Peer 1: 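My questions will all concern the structure given below.
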Protein chains: 2
Amino acid sequence: MAKSNAALIKSRLSAAHEDYLKAIYILGAQGAPVTNSALAEFLGVSPASATNMVKKLDELGLVEYEKYREILLNDSGRRVALEVLRHHRLLELYLHEQLNLTWDQVHDEAERLEHVMSDVLEDAITAALGDPTHDPHGDPIPTKDGRIAPVEGMPLSQAEPRQAYRLVRVLVQDAKRLTYLGSMGLYPNATVILSKRSPFDGPLLIEVNDEPQALDYRLARQILVAPAA
Amino acid sequence: MAKSNAALIKSRLSAAHEDYLKAIYILGAQGAPVTNSALAEFLGVSPASATNMVKKLDELGLVEYEKYREILLNDSGRRVALEVLRHHRLLELYLHEQLNLTWDQVHDEAERLEHVMSDVLEDAITAALGDPTHDPHGDPIPTKDGRIAPVEGMPLSQAEPRQAYRLVRVLVQDAKRLTYLGSMGLYPNATVILSKRSPFDGPLLIEVNDEPQALDYRLARQILVAPAA
DNA sequence: CGTTACTTTTAGCCATGGCAAAATTTTAAC
DNA sequence: GTTAAAATTTTGCCATGGCTAAAAGTAACG
Ligand SMILES: [Mn+2]
Ligand SMILES: [Mn+2]
Ligand SMILES: [Mn+2]
Ligand SMILES: [Mn+2]
C-alpha cells in the first residue's frame with residue numbers, strides 16, 4: 001500500500017474537520033461529557049451544524065457517536081486532534097517568542113495557521129524553539145507522537161495564603177482579559193503570593209513578582225499555580 | 001461610514017478569490033494578454049471554473065471583463081493582487097532566512113499561508129527581515145502601499161561571453177529544478193560568467209562562483225542576470 | 001408516570017467553488 | 001466569405017459546510 005490509512009484519512013480533512021476534532025478534545029479534557037450543544041457553542045455554530053459534522057466524523061471513523069449520546073473521540077480522532085493542538089500551541093509560542101506578538105494576539109493567528117502548516121514547517125518551528133513543552137499561556141504542547149502532559153497546578157483562588165507560588169497556566173482565552181492579566185505581570189513562571197482573600201467570593205489581594213495587585217475571584221479561578229520550587 | 005469600501009470588499013474575499021487575482025496579475029506581468037484558458041491552466045482548474053470566478057470578480061469590481069475578451073485587473077483588483085503577492089514573497093523569504101526552509105520548499109508553503117496572515121503578522125515579519133525588497137528567487141516584494149520594482153536583468157542565455165554577471169532572479173518555479181539549480185550555486189547574487197555557447201540552442205558552459213558548470217539552454221532563459229558591479 | 005422543558009435531529013434551504021458536456025462565439029484558414 | 005478549429009461560455013451537476021424551522025427524542029418534575 002502506498003499510503004497508511006492514517007495518511008489517507010488525514011489528507012481529506014478540512015480546516016472545519018480539524019477545528020471540530022480539536023474542540024471535542026478540548027471540551028473532553030475539561031471533564032464534562034461532550035454534548036452537541038456544548039460543541040456548537042464552543043465553535044460558534046448552530047446545533048444543527050454540529051450534528052451534521054459529527055455524523056461525518058463518525059463516518060470517517062474519527063469519533064464514536066450514537067444519536068443523542070455523548071460525542072467521544074476514538075484513537076484516530078484523538079491523534080488528529082492532538083496534532084492540530086500541537087500545531088496551534090507551537091505556533092502560539094513561535095509567534096510570541098520569535099515574532100514578538102503579544103500573548104493576547106497569538107490565539108487568533110494560530111487558529112488559522114494551524115490548518116495550513118506543513119510537516120516541514122512544523123519541524124522547523126520545533127527546532128527553532130528547541131522542542132518546547134508549553135505555550136505562552138502555560139498550555140502543554142502535545143508531542144509529535146501524540147502524548148500530552150497532564151494538567152498541573154491548582155487554581156490561585158484555592159492557594160494557601162502567604163505561600164509563594166509559581167504561575168503555571170492561564171486558562172483565560174479572552175484577548176482583553178489576557179492583556180489585563182499581562183499588565184499585572186501574571187504570565188507563566190511569575191511568582192505569586194496570595195496576601196488576603198475577601199469574603200463572598202470577592203477579589204483577592206495578591207503579590208505578583210513583589211508588586212501588590214487586586215484580582216477578581218472569577219479570574220483567580222482560571223489561573224493555575226504550583227508551590228514555588 | 002465605519003469601514004472603507006476597500007476594507008468591505010477585502011473582508012469578503014476567499015483564498016480562491018485571492019489566488020485568481022494574483023494569477024491574473026502574474027500572467028499580465030509576463031506581457032501576454034490574460035486569457036481565460038491561460039488563467040485556468042495556471043491555476044489548475046477547468047476553463048468553466050475560471051469563467052465562473054472571473055464573472056464574480058467583475059461583479060465585485062475587481063476586474064474589467066467582457067465576455068470573450070481579455071481579463072484585466074482594475075485598481076482595486078491590482079491592489080489586492082499586490083497585497084497577496086507581498087504576503088507570498090515575504091513569507092518565502094522569512095521561511096528561507098529564519099526557518100531554514102530550502103528555496104524549493106518555500107513556494108508551496110507560502111501559497112497557503114499567504115491567505116491567512118494577519119496585518120499584525122505581516123508587519124512582524126517585515127520588521128524581522130528589515131523591510132526586504134526581494135524574495136529568495138530574486139522576485140521583487142511589493143511595498144505595503146502597492147508599489148513593485150520593475151523587472152531587472154536579462155536572460156543568461158543572452159549574456160555576453162566572458163563578462164561577469166550577477167544573478168538577479170530565477171524565474172523557474174518547479175521545485176526539482178530549483179533544487180538542481182541550487183546544487184550548482186545558481187542563487188541570486190551568485191557571480192556567473194558565460195564561458196561558451198553551444199549551437200542549435202544547446203547547453204551553455206558557464207562559471208558559477210568560479211566553478212565550471214553546464215546549463216541547459218531552456219533553463220538559462222529563465223535565469224536573469226545583470227552586469228556585475 | 002405523565003407532562004413539560006430542554007436537547008438533538010431532521011428537513012429543506014443557501015452560497016461557494018469545483019466539474020463535464022453542450023452550446024456559442026471568436027479566430028484562423030481556405 | 002465560408003468553413004473549420006479553437007476558445008469561451010452556458011447549463012446542469014456535485015460536495016462542502018453553513019443556516020432556520022419543525023419534528024422528535026430525552027430528562028426532570030410534580
Ligand atoms: Mn482553527
Ligand atoms: Mn494557548
Ligand atoms: Mn495561494
Ligand atoms: Mn518567489
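The model shown is predicted, which means the values in this text are computed figures rather than measured ones. Each chain gets a letter, A, B and so on, in the order the sequences are listed, and its residues count up from 1. Side chains included, hydrogens not; waters and symmetry mates left out as well; all remaining heavy atoms used.
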Peer 1: Does CD in B:Glu111 sit with more than 12 non-hydrogen atoms of other residues, nucleotides or ligands closer than 6.0 Å?
Peer 2: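 Atom CD in B:Glu111 is packed in, count exceeds 12.
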Peer 1: What is the distance, rounded to the nearest whole Å, between atom CD1 of B:Ile71 and atom P of D:dT9?
Peer 2: 7 Å
Peer 1: Compare all side-chain heavy atoms of B:Val151 with those of B:Leu224 and state whether any distance is below 4.5 angstrom.
Peer 2: yes
Peer 1: Return yes when atom CZ of B:Arg177 has more than 12 non-hydrogen atoms of other residues, nucleotides or ligands closer than 6.0 Å, and no otherwise.
Peer 2: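 It does not: B:Arg177 CZ has 12 such atoms or fewer within range.
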Peer 1: Classify the nucleic acid contact of B:Ser37 as base, sugar-phosphate or nothing, counting any heavy atom under 4.0 Å across all strands shown.
Peer 2: sugar-phosphate
Peer 1: Does C:dT16 have OP1 or OP2 under 4.0 Å away from a side-chain N or O of B:Tyr20?
Peer 2: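 B:Tyr20 to C:dT16 OP1/OP2: no side-chain N or O under 4.0 Å.
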Peer 1: Let me know the distance between NZ of A:Lys56 and C1' of D:dA15, rounded to the nearest Å.
Peer 2: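 Those two atoms, NZ and C1', are 8 Å apart.
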Peer 1: Roughly, in whole Å, what's the span from NZ in A:Lys55 to P in D:dT16?
Peer 2: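 The distance from NZ of A:Lys55 to P of D:dT16 comes to 14 Å, rounded to the nearest Å.
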Peer 1: Do any side-chain nitrogens or oxygens of B:Ser49 fall under 4.0 Å of OP1 or OP2 in C:dG18?
Peer 2: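 It does not, given that no N or O in the side chain of B:Ser49 lies less than 4.0 Å from OP1 or OP2 of C:dG18.
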Peer 1: Indicate whether OP1 or OP2 belonging to D:dT16 is found under 4.0 Å from a side-chain N or O atom of A:His17.
Peer 2: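 No, A:His17 has no side-chain N/O under 4.0 Å of OP1/OP2 on D:dT16.
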Peer 1: Hey, can you tell me if A:His137 and A:Trp103 have their rings parallel, tilted or perpendicular (30° and 60° cut-offs)?
Peer 2: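 The rings of A:His137 and A:Trp103 lie parallel, inter-plane angle below 30°.
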Peer 1: Using atom CG of A:Asn52 as one end and atom P of D:dA15 as the other, report the distance to the nearest whole Å.
Peer 2: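 Going from A:Asn52 (CG) to D:dA15 (P), I get 14 Å.
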Peer 1: Looking at every non-hydrogen atom in both residues, tell me the closest pair between A:Ala23 and A:Leu39 and how far apart they are.
Peer 2: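 Answer, listing the atom of A:Ala23 first, then A:Leu39: CB-CD1, 3.7 Å.
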Peer 1: Mind checking if B:Ala48 touches a base, just sugar-phosphate, or nothing, with heavy atoms under 4.0 Å?
Peer 2: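 Here B:Ala48 touches the bases of the nucleic acid.
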Peer 1: Side chain of B:Lys67 only, heavy atoms from C-beta on: which candidate in D:dT10, C:dG17, C:dT8 is closest?
Peer 2: D:dT10
Peer 1: Of B:Arg69 and A:Val45, whose nearest nucleotide on DNA chain D comes first from the 5' end?
Peer 2: B:Arg69
Peer 1: Using heavy-atom distances to pick each residue's nearest nucleotide on DNA chain D, tell me which of B:Asn36 and A:Ala50 is more 5'.
Peer 2: B:Asn36
Peer 1: Less than 4.0 angstrom between a side-chain N/O of A:Ser14 and OP1 or OP2 of D:dG17, yes or no?
Peer 2: yes
Peer 1: Counting side-chain heavy atoms from C-beta on, which of D:dG18, D:dT9, D:dT8 comes nearest to B:Tyr65?
Peer 2: D:dT9
Peer 1: Using whole Å, what does the distance between atom C1' of nucleotide C:dG18 and atom CD of B:Glu41 come to?
Peer 2: 18 Å
Peer 1: Output the single nucleotide from C:dT8, C:dG18, D:dT8 whose closest atom is nearest the side chain of A:Tyr68.
Peer 2: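 The answer is C:dT8.
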Peer 1: Which nucleotide sits closest to the side chain of A:Ala16: C:dA20, C:dG17, D:dG17?
Peer 2: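 The answer is D:dG17.
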Peer 1: What is the distance, rounded to the nearest whole Å, between atom CE of B:Met53 and atom P of D:dT9?
Peer 2: 15 Å
Peer 1: Would you kindly give the CG-to-P distance between B:Leu57 and D:dT9, to the nearest whole Å?
Peer 2: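 Checked: the CG to P distance equals 13 Å.
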Peer 1: Tell me: CD of B:Glu70 to P of C:dT25, nearest whole Å?
Peer 2: 21 Å
Peer 1: Considering just the side-chain nitrogens and oxygens of A:Ser46, establish if one lies under 4.0 Å of OP1 or OP2 belonging to D:dC19.
Peer 2: yes
Peer 1: Less than 4.0 Å between a side-chain N and a carboxylate O, is that true for A:Asp139 and A:Arg169?
Peer 2: yes
